[in-house]
Amino acid sequence: MHLTATTQFGLEELLADELYALGADITHVGSRAVEFMGDHRLLYEAALWSRLSMRLLRPFAAFYAADEKALYREVSRIDWQDFIGPGQTFAITPVVNRSTFEHSLFVAQLTKDAIVDQFRARTGERPSIDTRQPDIRLHLRMTENEVILSLDAAGDSLHRRGYRQHTNEAPLNEVLAAGLVLLSGWDGKKPLIDPMCGSATLLTEAGLISQRIAPGLFHQGKFGFENWYDFDPELWNQVREEAKAQRLDEPQAYLAGSDLDPKTIDMAAANITAAGLEDCIRLSVRDVKDAAAPAKEEPGIVLTNPPYGERIGEEAQMAALYKTIGDTLKSNFQGYNAFVFTGNLEAAKSIGLKPARRTPLFNGPIDCRLLKYELYRGSRREPKPAEAPTGN
């Protein structure tokens with residue numbers, strides 16, 4: 001079957017690599033999406049193992065809709081009994097870009113009307129809408145009036161892993177957190193330290209990677225494909241059991257996080273426990289200026305997402321914070337590679353180190369960069385040769 005996995009800007013190539021490793025035949029890598037071919041086993045494995053997919057979609061119809069009448073007519077031509085069974089509820093997730101239709105909700109409403117009218121005409125009964133937990137979630141993408149209709153294999157966005165009990169004010173979503181860990185090039189073995197860990201999403205995603213835990217095992221409720229007409233429960237059960245058997249119980253890497261606020265650390269601990277990683281991640285209450293590399297471990301990676309300071313008047317405070325981060329990295333993490341993910345590029349200048357790499361990404365609507373700093377032991381500069389004394 002043809003499938004599409006959507007992701008966040010900047011993670012497309014990593015997602016293609018991930019799906020290829022699962023056995024997918026990649027047909028196109030686009031903006032925020034990867035198209036591929038695969039069978040039911042691959043679909044089920046992608047739902048369980050993909051750390052970078054937001055949605056897994058199975059396209060089944062494509063057409064051009066110049067206006068409202070055309071949209072209604074084209075949707076009505078699809079035999080909806082092939083996709084929505086008796087008594088099943090459905091919902092539509094619309095994404096509309098650069099089209100003559102101004103409102104995505106209007107497009108969704110018109111599509112829903114066409115589906116419901118067809119059922120009413122054919123069976124005398126109409127399927128119910130359930131926007132929260134539908135049996136069948138349809139995804140409608142309209143770009144310049146070209147429409148693609150898909151079945152949503154997850155039913156809910158895959159970034160909602162299900163382990164997160166609590167979050168702080170500005171949490172990273174889990175897909176982005178996993179993407180940052182993978183973009184850092186971390187090998188799953190060396191130490192990974194987050195000195196401003198918040199609710200510990202970065203550390204939890206790193207732990208899931210190093211312990212070979214499939215993130216989809218935390219998915220709440222049914223996946224969307226479990227309500228499809230061609231769902232194979234035996235195969236799904238087999239794939240789930242195989243995924244559970246992959247888990248490594250013995251901690252594979254030194255993972256540690258700290259934060260200044262004890263309540264935040266309590267939230268982080270609850271999330272880590274919900275993910276089954278309480279034996280793999282160390283937490284402590286600590287100011288970022290006091291963060292230090294573990295004494296008996298080889299150098300690894302620092303990865304952190306400090307506050308961006310979006311309130312008016314926080315500029316000086318943010319500059320001071322980022323200077324502290326830079327001082328800590330220079331003094332206490334020599335030999336490490338450090339990655340700072342931020343949406344405040346002005347404050348990032350106060351880190352006082354030259355980034356070796358700047359990767360453009362988004363955190364929600366915020367334009368961000370993942371900044372890499374190589375923290376060499378001692379100075380990189382060769383000492384100048386001593387000048388020979390000059391005679392009179």
In the structure I gave you, are the side-chain heavy atoms of Ser150 and Thr4 within less than 4.5 Å of one another anywhere? no

What's the separation between atom OG1 in Thr204 and atom CD1 in Ile281, rounded to the nearest 0.5 Å? 4.5 Å

Does Ser210 use its side chain to pair, donor to acceptor, with the backbone of Gly207 at less than 3.5 Å? yes

Which one of Thr111, Ile115, Asp152 satisfies the side-chain contact (heavy atoms from CB on, under 4.5 Å) criterion with Leu138? Ile115

Could you pull out every donor-acceptor pair under 3.5 Å between side chains of residues 173-195 and any protein atom, sequence neighbours left out?
unit_1: Asn173; atom_1: OD1; unit_2: Val175; atom_2: N; d: 2.8
unit_1: Asn173; atom_1: OD1; unit_2: Leu176; atom_2: N; d: 3.0
unit_1: Asn173; atom_1: ND2; unit_2: Gln8; atom_2: OE1; d: 2.4
unit_1: Ser184; atom_1: OG; unit_2: Val181; atom_2: O; d: 2.6
unit_1: Ser184; atom_1: OG; unit_2: Trp186; atom_2: N; d: 3.2
unit_1: Trp186; atom_1: NE1; unit_2: Lys190; atom_2: O; d: 2.7
unit_1: Asp187; atom_1: OD1; unit_2: Lys189; atom_2: N; d: 2.8
unit_1: Asp187; atom_1: OD1; unit_2: Lys190; atom_2: N; d: 2.9
unit_1: Lys189; atom_1: NZ; unit_2: Gln252; atom_2: OE1; d: 2.9
unit_1: Asp194; atom_1: OD1; unit_2: Met196; atom_2: N; d: 3.0
unit_1: Asp194; atom_1: OD1; unit_2: Thr304; atom_2: OG1; d: 2.7

Which value, rounded to the nearest 0.5 Å, describes the distance between Leu329 atom CG and Thr324 atom OG1? 10.5 Å

What do the steps show when you test Glu242 against Gln238 for side-chain hydrogen bond (donor to acceptor under 3.5 Å, both in side chains), and what is the final call? CA-CA 6 Å; Glu242 287 169 5; Gln238 186 185 337; 3.2 Å; yes

Audit row: Glu205, Tyr163, side-chain hydrogen bond (donor to acceptor under 3.5 Å, both in side chains) steps and yes/no: CA-CA 10 Å; Glu205 290 296 321; Tyr163 64 72; 2.7 Å; yes

Quick one: list whatever passes side chain to side chain donor-acceptor pair (under 3.5 Å) with Ser157, sequence neighbours left out. His159

So, taking the atom named OG in Ser258 and the one named CD1 in Ile265, what distance separates them when rounded to the nearest 0.5 Å? 6.5 Å

Restricting to salt bridge (charged side-chain N to carboxylate O under 4.0 Å, His left out), what partner residues turn up for Arg51, sequence neighbours left out? none

Please list, chain by chain and in numerical order, all residues satisfying salt bridge (charged side-chain N to carboxylate O under 4.0 Å, His left out) with Glu45, sequence neighbours excluded. Arg41

Residues in side chain to side chain donor-acceptor pair (under 3.5 Å) contact with Gln118, at least two apart in sequence or another chain: none

With a sphere of 6.0 Å drawn around CD of Glu125, does it hold more than 12 non-hydrogen atoms of other residues, nucleotides or ligands? no

Using the ring-ring contact (aromatic ring centres under 6.0 Å, His included) rule, collect all pairs that involve residues 6-30, keeping only residues at least two apart or in two chains. Phe9-Phe362

Sorted by chain and residue number, the ring pair (Phe, Tyr, Trp, His ring centres under 6.0 Å) partners of Phe339 (sequence neighbours excluded) come out as none

Which residues satisfy the ring pair (Phe, Tyr, Trp, His ring centres under 6.0 Å) test with Phe333, sequence neighbours excluded? Tyr336

Is there a continuous path of hydrophobic side-chain contacts, each under 4.5 Å between heavy atoms, that joins Ile148 to Val96? no

Which residue pairs pass the side-chain hydrogen bond (donor to acceptor under 3.5 Å, both in side chains) test with at least one member in residues 345-357, sequence neighbours excluded? Glu346-Lys349

Polar side chain donor-acceptor pair, Asn344 to Tyr322, under 3.5 angstrom: no

Euclidean distance, Asp261 CG relative to Asp287 CG, rounded to 0.5 Å: 12.0 Å

Can you see which heavy atom on Val285 is nearest to which on Pro262, and at what distance? CG2-CA, 3.9 Å

Note: Lys263-Asp266 ion pair, threshold 4.0 Å (strictly below): no

Is Asp249 salt-bridged to Arg247, going by a charged N under 4.0 Å from an acidic O? yes

Apart from Tyr72 itself, members of its ILVMFWY cluster (side-chain separation under 4.5 Å) are none

Quick check: are there more than 12 heavy atoms from other residues, nucleotides or ligands sitting under 6.0 Å from CD of Glu234? no

Can you see whether Glu298 engages Tyr254 through a side-chain donor-acceptor pair at a distance of less than 3.5 angstrom? no

Give me each pair satisfying ring-ring contact (aromatic ring centres under 6.0 Å, His included) with a member in residues 103-129, each pair once, sequence neighbours excluded. none

From CG (Leu110) to CG (Leu71), nearest 0.5 Å: 5.0 Å

Would a single hydrophobic cluster contain both Ile136 and Val95, if residues Ile, Leu, Val, Met, Phe, Trp and Tyr are joined by side-chain heavy-atom contacts under 4.5 Å? no

If the test is ring pair (Phe, Tyr, Trp, His ring centres under 6.0 Å), which one of Phe231, Trp228, Tyr44, Trp236 qualifies with Phe223? Trp236

Flag yes if Leu22 and Leu57 sit in one hydrophobic cluster, no otherwise; membership is Ile, Leu, Val, Met, Phe, Trp, Tyr, and two members link when side-chain heavy atoms are under 4.5 Å apart. no

Side chain proximity check, Tyr308 to Glu314, heavy atoms < 4.5 angstrom: no

Met37 and Leu42: which non-hydrogen atoms are nearest, and at how many Å? O-CD2, 3.7 Å

Between atom OG1 of Thr273 and atom CD of Glu278, what is the distance when rounded to the nearest 0.5 Å? 4.5 Å

Start with the C-alpha distance between Leu140 and Val147, add both sets of side-chain angles, then the distance that settles side-chain contact (heavy atoms from CB on, under 4.5 Å), and finish with yes or no. CA-CA 7 Å; Leu140 184 152; Val147 177; 4.0 Å; yes

Can you check side-chain contact (heavy atoms from CB on, under 4.5 Å) on Asp130 and Phe90, steps first, answer last? CA-CA 6 Å; Asp130 181 348; Phe90 78 99; over 6 Å; no

Could you tell me whether the side chain of Gln220 and the main chain of Phe218 form a donor-acceptor pair under 3.5 Å? yes

Assess the side chains of Glu12 and Thr7: does a donor N or O sit below 3.5 Å from an acceptor N or O? no

Quick one: do Leu43 and Tyr229 end up in the same hydrophobic cluster if we chain Ile, Leu, Val, Met, Phe, Trp and Tyr together by side-chain heavy atoms under 4.5 Å apart? yes

Side chain to side chain, Arg164 and Asn271, heavy atoms closer than 4.5 Å: yes

Output, in order, the C-alpha distance, side-chain angles, deciding distance and verdict of side-chain contact (heavy atoms from CB on, under 4.5 Å) for Lys222 and Gln133. CA-CA 9 Å; Lys222 282 184 172 183; Gln133 290 185 307; over 6 Å; no

Just wondering, do Trp49 and Gln246 contact through their side chains at under 4.5 Å, heavy atoms? yes

Are Trp80 and Val116 close enough that some pair of their side-chain heavy atoms sits under 4.5 Å apart? no

Pair Leu172, Asn363 - check side-chain contact (heavy atoms from CB on, under 4.5 Å), show working. CA-CA 7 Å; Leu172 282 177; Asn363 186 0; 3.6 Å; yes

Does any pair with a residue in residues 136-146 pass side-chain hydrogen bond (donor to acceptor under 3.5 Å, both in side chains), and if so which ones, sequence neighbours excluded? Thr93-Arg137, Arg98-Glu144, Thr100-Asn145

